[in-house]
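Letters A, B, ... are given to chains in the order of the sequence lines, protein chains preceding strands, and every chain is numbered from 1.
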Number of protein chains: 2
Amino acid sequence: MNRQDIVRDPEASSSKTDLRLWLRLLKVQRRIEGRLRERLRDEFNSTLPRFDVLAALSSAEEGLRMSELSGILKVSNGNVTGIVDRLVADGYVIRSPVDNDRRATRVCLTGAGKQYFDVLAIAHEGWLSDLLARFDIGEKKILSPMLDRLNTDLVTMTEQDN
Amino acid sequence: MNRQDIVRDPEASSSKTDLRLWLRLLKVQRRIEGRLRERLRDEFNSTLPRFDVLAALSSAEEGLRMSELSGILKVSNGNVTGIVDRLVADGYVIRSPVDNDRRATRVCLTGAGKQYFDVLAIAHEGWLSDLLARFDIGEKKILSPMLDRLNTDLVTMTEQDN
DNA sequence: AGTAAATATTTTATACTTGAAATGAATTTT
DNA sequence: AAAATTCATTTCAAGTATAAAATATTTACT
């Protein structure tokens with residue numbers, strides 16, 4: 001069975017199907033992300049990367065190290081440095097030293113940051129809820145765990161952390 | 001039925017479910033995109049935005065205007081200007097005037113651009129195929145059209161073009 | 001203890017991205 | 001036709017993103 005045969009058989013060759021699947025996923029992701037970014041900008045004069053950092057910190061009672069933040073958000077260290085710099089300037093987060101390790105920095109929400117994020121989070125959840133309102137509830141129940149399995153498979157393929 | 005009741009009823013309140021769905025989609029998208037970017041950089045010293053522009057042009061026999069490009073890729077006009085600038089500098093695309101409209105610019109692949117993209121496209125398809133290899137084939141068949149429907153619903157909600 | 005290796009973060013260079021303003025050209029209105 | 005509007009693109013300012021180099025610190029090894 002040579003390459004030609006593989007390509008002619010719709011069952012055996014899934015690479016075009018895979019490509020289409022990826023492009024569709026990307027299209028959905030871009031549309032949702034674009035909408036969320038637009039709302040954050042227009043209604044809160046904020047951005048998605050800022051929101052992501054605040055969200056990560058808000059689920060960490062004791063704050064997070066810079067490297068934990070970049071690990072959770074899956075972005076580079078240097079990137080987090082810049083975003084945290086701006087959030088510090090705005091008074092929403094603070095950097096503090098870590099006991100017994102002077103290399104590391106702990107980043108925490110300030111009181112103002114907590115208050116601010118609580119408002120953002122409710123709005124964010126609402127926007128998402130609105131965006132997905134027309135999508136069939138039954139399909140959601142299938143799609144969500146399927147994406148979770150896909151992610152698990154990807155983790156296996158890429159041999160990285162979850 | 002007040003807000004508390006809604007929140008307590010797992011069927012009636014889907015905003016948490018929607019949030020989880022979005023976060024899962026995002027996680028999958030970031031992982032795949034990260035991998036593709038890594039490969040493009042390591043194996044071809046290129047980037048995803050460049051690839052996207054070349055891909056769009058490669059399906060357009062007569063080339064595309066700048067605004068058509070940004071429309072297809074769903075990125076801003078100014079963004080496309082920069083990426084095309086670099087592709088022109090590399091000799092992969094050319095800008096040419098459009099008859100009867102001196103405001104517009106047509107962007108086309110050069111011969112070198114076509115050759116280059118053909119190589120990239122095959123590699124790209126292969127990487128994707130590898131990444132999705134472990135994901136159940138039956139699930140793919142369900143997931144792909146479901147994402148398509150989700151996109152359609154989103155288009156309705158956001159009242160923009162497809 | 002003293003050196004080497006590993007770790008956490010920042011800095012740097014470059015590229016991508018947006019939204020808004022600016023420019024130049026075509027179309028519509030008066 | 002002149003003026004106003006719309007349109008296509010570029011420019012600009014600010015923010016986001018990566019990879020790689022630099023810095024500072026900690027841990028491991030001898």
A:P49 vs B:V98, nearer the 5' end of DNA chain D by closest nucleotide:
B:V98

For B:R106 and A:N100, find the nucleotide of DNA chain D closest to each by heavy atoms; which residue's nucleotide sits nearer the 5' end?
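Its nearest nucleotide lies further toward 5', so the answer is B:R106.
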
Which residue lies more 5' along DNA chain C, comparing A:R30 with A:D101 via nearest heavy atoms
A:D101

Take A:D42 and A:V80, find for each the nucleotide of DNA chain C with the closest heavy atom, and name the residue whose nucleotide sits nearer the 5' end.
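Comparing both residues, the 5'-ward one is A:V80.
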
Does OP1 or OP2 of [N] have a side-chain N or O of [X] closer than 4.0 Å?
X: A:R102; N: D:dT26; result: yes
X: A:S67; N: C:dT9; result: yes
X: B:R41; N: D:dA19; result: no
X: B:T47; N: C:dC16; result: yes
X: B:N79; N: C:dC16; result: no

Separation of atom [atom1] in [X] from atom [atom2] in [N], rounded to whole Å:
X: A:L69; N: C:dA8; atom1: CG; atom2: P; result: 14 Å
X: B:F44; N: C:dA15; atom1: CZ; atom2: C1'; result: 20 Å
X: A:N77; N: D:dT23; atom1: CG; atom2: C1'; result: 14 Å
X: A:L48; N: D:dG15; atom1: CG; atom2: C1'; result: 13 Å
X: B:D52; N: C:dT17; atom1: CG; atom2: C1'; result: 13 Å
X: A:N45; N: C:dT18; atom1: CG; atom2: P; result: 18 Å
X: B:K74; N: C:dG19; atom1: NZ; atom2: C1'; result: 19 Å
X: A:E33; N: D:dT16; atom1: CD; atom2: P; result: 12 Å

May I ask you to say what [X] touches in the nucleic acid, namely base, sugar-phosphate or nothing, with a heavy-atom cut-off under 4.0 Å?
X: A:R95; answer: sugar-phosphate
X: B:S76; answer: base
X: A:R50; answer: sugar-phosphate

Taking salt bridge (Lys or Arg N to Asp or Glu O under 4.0 Å) as the test, write out the residues that go with A:R103, two or more places apart.
A:D101

Test of understanding: with salt bridge (Lys or Arg N to Asp or Glu O under 4.0 Å), list the residues that count as partners of A:R41, not counting sequence neighbours.
none

Just compare C:dC16, C:dT9, D:dT9 and give me whichever is closest to any side-chain atom of B:M66.
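From the listed options, D:dT9 comes nearest.
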
In plain terms, say whether A:E38 and A:R35 are close enough for a salt bridge, that is, a side-chain N and a carboxylate O under 4.0 Å apart.
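Yes, A:E38 and A:R35 are salt-bridged.
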
Taking A:R95 first and then A:D85, would you say they form a salt bridge - that is, a charged N and a carboxylate O separated by under 4.0 Å?
yes

Partners meeting side-chain hydrogen bond (donor to acceptor under 3.5 Å, both in side chains) with B:D18 (sequence neighbours left out)
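Per chain and number, B:D18 pairs via side-chain hydrogen bond (donor to acceptor under 3.5 Å, both in side chains) with A:K140.
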
Could you list the residues that satisfy side-chain hydrogen bond (donor to acceptor under 3.5 Å, both in side chains) with A:R30, not counting sequence neighbours?
B:D52

Report yes or no: is there a donor-acceptor pair, N or O only, under 3.5 Å between the side chain of A:R103 and the base of C:dT7?
yes

Taking side chain to side chain donor-acceptor pair (under 3.5 Å) as the cut-off, I'd like each qualifying pair that reaches into residues 42-51 of chain A, sequence neighbours left out, listed once.
A:R50-A:D90

Are side-chain heavy atoms of A:V107 and A:L64 found at a separation under 4.5 Å?
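No. Closest side-chain heavy atoms not under 4.5 Å.
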
Quick one, which residues of residues 81-89 of chain B touch DNA chain D with a heavy atom under 4.0 Å?
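Under 4.0 Å from DNA chain D: B:T81.
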
